[in-house]
Amino acid sequence: MGGKKAKTVERNDHRLLCSDVLTEVFHRLPARTLASCRLVCKSWMSELTDPHFVHEHLKRSQQKLLLFANDKANDRSLAMVLADDTGATYQLTRPMASRSLFVHNSCNGLLCLGDSTGAVQLLNPTTGESATLPMPMYTAGSSQFSSCNWHCLGFCPSTKEHKVVHFYLGAHFDSFNVCCEIFTIGDKSWRQIGSFHGAPTDRGVHVNGAVYYLTKFRYIASSRINCLNLESENFDVMMLPPRKSYGGHCSLAELEGKLCLLVVEGGHDNPPRTMDILMLDSGDKTTWTHRYHISLPWLMPSCYFTPKHTLFHEGKIWVQLLARNLYCYDPSSSSTELKMACPESEFPFSTHTFIESIVPLRKDYFIKQIQ
């Protein structure tokens, strides 16, 4: 009897070892492969949709660049990933929609999509899963070009919740009263959480559990950055760092996991020639460090450069100019110039930081408590 029990324990240990080895193999596979592995059997599906595994795999994933475009000729939206610095791309599962969409932002492999009606859709282009959210309380005039009416998908590390933030102007448009509502993925409705004052000038950016919003860059004495903490859902205000001149245009971006302020010198009559990148210290939230000084390419005088869609990928800084051109700056090189990285695209696109993931969009997933 003793020998039989010993054999039983040995077989169970073998099963446990195989399970641990398989999990480790899964951790090392790319998300696109795991999306197919989920269809093999029920046990693999259970393992690959477990919240703890999904987030552990997410932490090991590498950041890439996503090019999102609308091919109006064929009435479809395309999600393409930049494979390397040669300009090669591969296409992900396209959004299941016949209308033109645009991307508000990307977080944990999920895209927050919008359209001209104000509708909000979440998409995981790696797995092809999508989910349409209830209509926000306020949708009038919603547009990808409207800096005072936009959505931002964020993730709260402490609660493991994904939240969509919606900013829009209040009833009195001349008061610059910006209202805010939040939708927690897994809930059934939007929640209004308050408002703040400021003339919106930027679409905002999500960094480490907070959403940042730039206001009033034209009047430097009152310029500030509004911050929404996704855990407490409270607002805070930060002033812009001291600087001799803010003569051009400012915007916010996330580089190397930190909030950055992009400052372009120049204007309509004086074409911009340089861009400075200042990075916020994540500790005290008050110290800004000048990290990069970049020379911009010669553009037509009529083209007013806006430094949006500035991203960090594989040690390089990628900047989208106009609607069809992608440029790259290598900090390790001796040159400070921004150089063309890809041939001009056949249709306009937007560029976003992206991580391929297997984060599901099923409602029951978000309801689970992630240990």
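Only this structure's heavy atoms are used, side chains among them; waters, hydrogens and symmetry mates stay out. When a residue number appears, it is its place in the shown sequence, counting from 1. Just so it is clear, the structure is predicted and the values come from calculations on it, not from any experiment.
Checked by atom type and distance alone, the side chain of Asn124 pairs as donor or acceptor with a backbone atom of Ser357 at under 3.5 Å. With Thr289 contributing its side chain and Arg291 its backbone, the two residues share no donor-acceptor pair below 3.5 Å. Looking only at distances, no side-chain donor or acceptor of Asn108 sits under 3.5 Å from a matching main-chain atom of Leu110. A distance-only check finds a donor-acceptor pair linking the side chain of Asn208 to the backbone of Gly257 [under 3.5 Å]. Of the possible polar contacts, none joining the Thr33 side chain to the Leu29 backbone as a donor-acceptor pair under 3.5 Å is found. Listed for the Lys316 side chain is no donor-acceptor partner under 3.5 Å among the backbone atoms of Pro331.
Contact check for Thr351 versus Trp318: no side-chain heavy atoms found under the 4.5 Å cut-off. Contact of the Leu113 side chain with the Val120 side chain is not registered, since no non-hydrogen atoms from C-beta on lie closer than 4.5 Å. The side-chain heavy atoms of Asn234 and Ile193, taken from C-beta on, include no pair separated by under 4.5 Å. The shortest distance between side-chain heavy atoms of Ile294 and Thr274 does not fall below 4.5 Å. Side-chain contact between Leu34 and His57 is present, with heavy atoms from C-beta onward closer than 4.5 Å. The shortest distance between side-chain heavy atoms of His162 and Leu153 falls below 4.5 Å. The shortest side-chain heavy-atom distance between Glu47 and Ser43 does not fall under the 4.5 Å cut-off. Counting heavy atoms from C-beta outward, Val40 and Met45 have side chains that stay 4.5 Å or more apart.
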Practice item. Give the C-alpha distance, both sets of side-chain angles, the deciding distance and a yes or no for side-chain contact (heavy atoms from CB on, under 4.5 Å) between Arg38 and Ser36. Key: CA-CA 5 Å; Arg38 294 187 307 178; Ser36 301; over 6 Å; no

Review point. Hey, mind stepping through Leu259 and Leu252 against side-chain contact (heavy atoms from CB on, under 4.5 Å) and telling me if it holds?
Key: CA-CA 7 Å; Leu259 179 69; Leu252 299 176; 4.3 Å; yes

Exercise for review: Starting from the C-alpha separation in whole Å, work towards a yes-or-no answer on side-chain contact (heavy atoms from CB on, under 4.5 Å) for Leu240 and Leu261.
Suggested key: CA-CA 9 Å; Leu240 293 184; Leu261 179 67; 4.0 Å; yes

Exercise for review: Any chance you could lay out the side-chain contact (heavy atoms from CB on, under 4.5 Å) test for Leu228 and Val165, step after step, and finish with the verdict?
Suggested key: CA-CA 9 Å; Leu228 172 63; Val165 180; 3.7 Å; yes

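In this structure, the ring of Tyr213 has its center less than 6.0 angstrom from the ring center of Trp150. Two rings, from His27 and Phe53, have their centers less than 6.0 Å apart. Ring centroids of Phe155 and His55 are separated by less than 6.0 Å, placing the two rings close together.
Interatomic distance, Thr353 OG1 to Glu254 CD, rounded to the nearest 0.5 Å: 5.5 Å. Here OH of Tyr168 is found 10.0 Å from NE2 of His151. Values are rounded to the nearest 0.5 Å. Taking SG of Cys260 as the start and OH of Tyr212 as the end, the distance is 11.0 Å to the nearest 0.5 Å. In this structure, the separation between CG on Leu122 and OG on Ser130 is 9.0 Å, given to the nearest 0.5 Å. From Phe26, atom CZ reaches atom CH2 of Trp44 across 4.5 Å, with rounding to the nearest 0.5 Å. Between the NE2 atom in His104 and the NE2 atom in His206 there is a gap of 15.5 Å [rounded to 0.5 Å].
Closest non-hydrogen pair, Val54 versus Leu48, comes out as CG2-O, 3.6 Å. Among all heavy-atom pairs drawn from Leu278 and Pro241, the shortest one is CD2-CG, 3.7 Å. Across every non-hydrogen atom of Cys107 and Gly154, the tightest pair is SG-C, 3.9 Å. Nearest approach of Leu361 to Glu129, heavy atoms of both residues: CD1-O, 3.3 Å. Of all heavy-atom pairs between Pro157 and Gly209, the closest is CD-CA, 3.9 Å. Taking every heavy atom of both residues into account, Gly118 and Pro136 meet most closely at O-CD, 3.6 Å.
Side chain to side chain, His290 and Asp276 meet the donor-acceptor criterion of an N or O pair below 3.5 Å. A donor and an acceptor atom, one from each side chain of Arg32 and Thr127, are nowhere located under 3.5 Å apart. Remark: the Ser295 side chain and the Thr336 side chain contain an N/O donor-acceptor pair separated by less than 3.5 Å. Side-chain contact annotation: Glu231 with Thr159, donor-acceptor N/O pair under 3.5 Å absent.
Judged as a side chain to side chain donor-acceptor pair (under 3.5 Å), and not counting sequence neighbours, Asn226 has no contacts.
Cluster annotation: Leu22 is connected to Ile358 through the hydrophobic network of ILVMFWY side chains, with a link wherever side-chain heavy atoms come within less than 4.5 Å. Val237 and Ile225 sit in two unconnected hydrophobic clusters of ILVMFWY residues. Membership requires side-chain heavy atoms under 4.5 Å apart, directly or through other members.
The pair Glu24-Arg28 meets the salt-bridge criterion, with a side-chain N (NZ, NE, NH1 or NH2) lying under 4.0 Å from an Asp/Glu carboxylate O. Look at Glu233 and Arg191 and you find a salt bridge, because one of the NZ, NE, NH1 or NH2 atoms lies within 4.0 Å of a carboxylate O, short of that distance.
The side-chain contact (heavy atoms from CB on, under 4.5 Å) test with Val164 is passed by exactly one of Thr184, Leu133, Ile182: Leu133.
Pairs passing the salt bridge (Lys or Arg N to Asp or Glu O under 4.0 Å) check and including a residue from residues 102-111, sequence neighbours excluded, do not occur.
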